[in-house]
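Okay, so here's the structure we're looking at.
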Amino acid sequence: MMAMAVIAVEDAKICKVPKGEEEMEGICNGIDVAMTEETLFVDGHRLQQQIDELSSFSDTPPPSVTRILFTGNDVAARRYVKGAMKEVGLLVREDAIGNIFGRWEGSIPGIPGVASGSHTDAIPYAGKYDGVVGVLGAIAAVRALKRIGFQPKRSIEVIMFTSEEPTRFGFGCLGSRMMANSTNIVEILKESFDAENVSFAEAAKEAGYLDVVMDHSGIPIGIVTAIAAPASLKVGFKGDGGHAGAVLMPVRNDAGLAGAELALSVEKNVLASGSTDTVGTTGVFKIHPGAVNSIPRESHLEIDIRDIDEKRRDKVVDEIKRSAHEIAGRRRVTLTTFEIVNQDPPAQSGDQVVGAAIEAAELLGLEYQTMISRAYHDSLFMARIAPMGMIFIPCYKGYSHRPDEFASLEDMIKGVQVLSLTLKRLSSL
């Protein structure tokens, strides 16, 4: 699935829309004229061109995309996004942490606005669509609304959030956390260093800042009603190690095996919750010294537990902690670390936002399904300060965070059309 910021369209057909002396060919949908008095055209070719151009800002060769926070390619991508915002007449600004805002001023100043967006940073060897469709798709939605002469009552903002991915400093959704006034984020960032021992402050200053897989369902639009939130754990074990040939099996205290057993325990405890909404992943597992003829002396695990039910998720975390202590005692190793890095609460989508997205999909004649997002998004933190919602579109095999992630142009256009009508509805309230 691909996250946009709002929805989609069905029964697409090729049409031509005049633009000056030219004609632009694209995919459009005839909307019930009696209800909307317009045909909503999304310039899909321009959207795909921008996605392809943005993918060129990468630390790894195509088709992969690697774009890490505050690196040269991240800064170049930010410059590109700001240019795309200005191209459609948005007023661009940035905050201290690097969130980028493109504002379309509403006709009534001072009243709360409507926002849509996502991120453009990418984990190593990811693809070119994740997050990017949410940013450039929102810009395309503004372009579509301006083409029909729409003037919003409430201001509309397109947001590119800083560092949704935790790749560089081990902490994700930095921009949205800061916007949501997360109480501990500033202190955490003061102590954050990357793998090259570069501090967050140094990296930001160098960059010029701060001092359910829908692909198988055949349904083109997903409307998110809730976002699951992760609890992130760091666990460490320590044993005596030793030579692989010299230490007999009965007397070993192998930290690597303790870690391996805990990884299996994560799966066991997650399944024991009895809910398919509970998921757990041991995404990092390191052993030291890491030699084929040396018994592991230390192991380090990083674990991700997610659920839309906070109490159920936290119960699983408690069970994993109990298992870690039990494994350490039985295997005669020391549990050196059991740290809960973050334990954010899940979020519910705003009823009004969901309703507007459903109305848009129905108006466009598109089949949709309401769904839960088990992936982490900036919207999780935006829900703390304003009603939020999300629109998903299908992607190939549900792949994300992979070089071969792919969303069809037709599905992206549908998503932008739904997003356009949703923004139109919410900005007219």
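We count residues from 1, following the sequence as given. Everything numeric here is computed off the predicted structure, so don't read it as measured data.
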### Message
If the condition is ring-ring contact (aromatic ring centres under 6.0 Å, His included), which residues does Phe169 pass it with, not counting sequence neighbours?
### Response
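ring-ring contact (aromatic ring centres under 6.0 Å, His included) list for Phe169, sorted by chain: Phe200.
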### Task
Check step by step if side-chain contact (heavy atoms from CB on, under 4.5 Å) holds for Phe381 and Met179.
CA-CA 8 Å; Phe381 298 95; Met179 286 180 63; over 6 Å; no
Within-4.5 Å side-chain heavy-atom neighbours: [X] and [Y]:
X: Pro152; Y: Trp104; value: yes
X: Met412; Y: Tyr129; value: yes
X: Val158; Y: Val88; value: no
X: Leu54; Y: Lys128; value: no
X: Ser163; Y: His119; value: no
X: Leu364; Y: Lys414; value: no
X: Leu335; Y: Phe237; value: yes
X: Ile305; Y: Ile303; value: yes

Backbone N or O of [Y] within a donor-acceptor pair of the [X] side chain at under 3.5 Å?
X: Ser58; Y: Ser55; value: no
X: Arg425; Y: Ala360; value: no
X: Arg312; Y: Ser273; value: no
X: Lys153; Y: Leu429; value: yes
X: Ser420; Y: Leu145; value: no
X: Arg103; Y: Ser155; value: no
X: Glu405; Y: His401; value: yes
X: Arg374; Y: Arg306; value: no
X: Ser116; Y: Ala138; value: no
X: Thr370; Y: Ile223; value: no

Which atom names give the shortest non-hydrogen contact between [X] and [Y], and what distance separates them?
X: Leu40; Y: Ala144; answer: CD1-CB, 4.0 Å
X: Gly172; Y: Arg177; answer: O-NE, 2.8 Å
X: Ala407; Y: Ile393; answer: CB-CD1, 4.2 Å
X: Pro124; Y: Thr167; answer: CD-CG2, 3.5 Å
X: Gly256; Y: Pro296; answer: N-CB, 3.5 Å
X: Ile308; Y: Ala226; answer: CG2-CB, 4.5 Å

What is the distance from atom [atom1] of [X] to atom [atom2] of [Y], rounded to the nearest 0.5 Å?
X: Arg78; Y: Asn99; atom1: CZ; atom2: CG; result: 8.0 Å
X: Leu426; Y: Leu421; atom1: CG; atom2: CG; result: 11.0 Å
X: Glu164; Y: Ile123; atom1: CD; atom2: CD1; result: 10.0 Å
X: Leu69; Y: Ile97; atom1: CG; atom2: CD1; result: 8.0 Å
X: Glu206; Y: Phe70; atom1: CD; atom2: CZ; result: 11.5 Å
X: Met160; Y: Lys82; atom1: CE; atom2: NZ; result: 9.0 Å

Using a 6.0 Å cut-off, check whether atom [atom1] of [X] has over 12 heavy atoms from anything other than its own residue.
X: Lys286; atom1: NZ; answer: no
X: Asp351; atom1: CG; answer: no
X: Glu191; atom1: CD; answer: no
X: Gln352; atom1: CD; answer: no
X: Phe101; atom1: CZ; answer: yes

For the residue pair [X] and [Y], confirm or rule out a side-chain donor-acceptor distance under 3.5 Å.
X: Glu362; Y: Tyr368; value: yes
X: Asn342; Y: Ser232; value: yes
X: Thr278; Y: Asp307; value: yes
X: Asp74; Y: Thr71; value: no

Test: [X] and [Y] ion pair at under 4.0 Å:
X: Glu359; Y: Lys424; value: no
X: Asp344; Y: Arg384; value: yes
X: Glu87; Y: Arg143; value: yes
X: Arg322; Y: Glu319; value: yes
X: Lys190; Y: Glu187; value: yes

### Message
I need the single residue from Leu136, Val135, Asp130 that forms a side chain to side chain contact (heavy atoms under 4.5 Å, CB included) with Val132. Which is it?
### Response
Leu136
### Query
Out of Thr225, Asp378, Ile227, Val353, which residue meets the side chain to side chain contact (heavy atoms under 4.5 Å, CB included) rule with Met390?
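Checked Thr225, Asp378, Ile227, Val353 against Met390; only one passes side chain to side chain contact (heavy atoms under 4.5 Å, CB included): Ile227.
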### Query
Given Met178 and Leu189, is the side-chain contact (heavy atoms from CB on, under 4.5 Å) satisfied, shown in steps?
CA-CA 11 Å; Met178 190 71 79; Leu189 292 179; 4.3 Å; yes
### Query
Would Phe161 and Cys173 satisfy side-chain contact (heavy atoms from CB on, under 4.5 Å), going step by step from the backbone distance to the final call?
CA-CA 8 Å; Phe161 293 101; Cys173 296; over 6 Å; no
### Query
Which is it for Leu233 and Val317 under the side-chain contact (heavy atoms from CB on, under 4.5 Å) test, yes or no, and what are the steps along the way?
CA-CA 8 Å; Leu233 316 176; Val317 171; 4.0 Å; yes
Show every donor-acceptor pair shorter than 3.5 Å between a side-chain atom in residues 260-271 and any protein atom, with sequence neighbours excluded, or say none if there are none.
from, atom 1, to, atom 2, distance (Å)
Glu261, OE1, Arg330, NH1, 3.4
Glu261, OE1, Arg331, NE, 2.7
Glu261, OE1, Arg331, NH2, 3.3
Glu261, OE2, Arg330, NH1, 3.2
Glu261, OE2, Arg330, NH2, 2.3
Ser265, OG, Asn269, ND2, 3.0
Ser265, OG, Ser323, OG, 3.0
Asn269, ND2, Ser265, O, 3.0
Asn269, ND2, Ser323, OG, 3.3

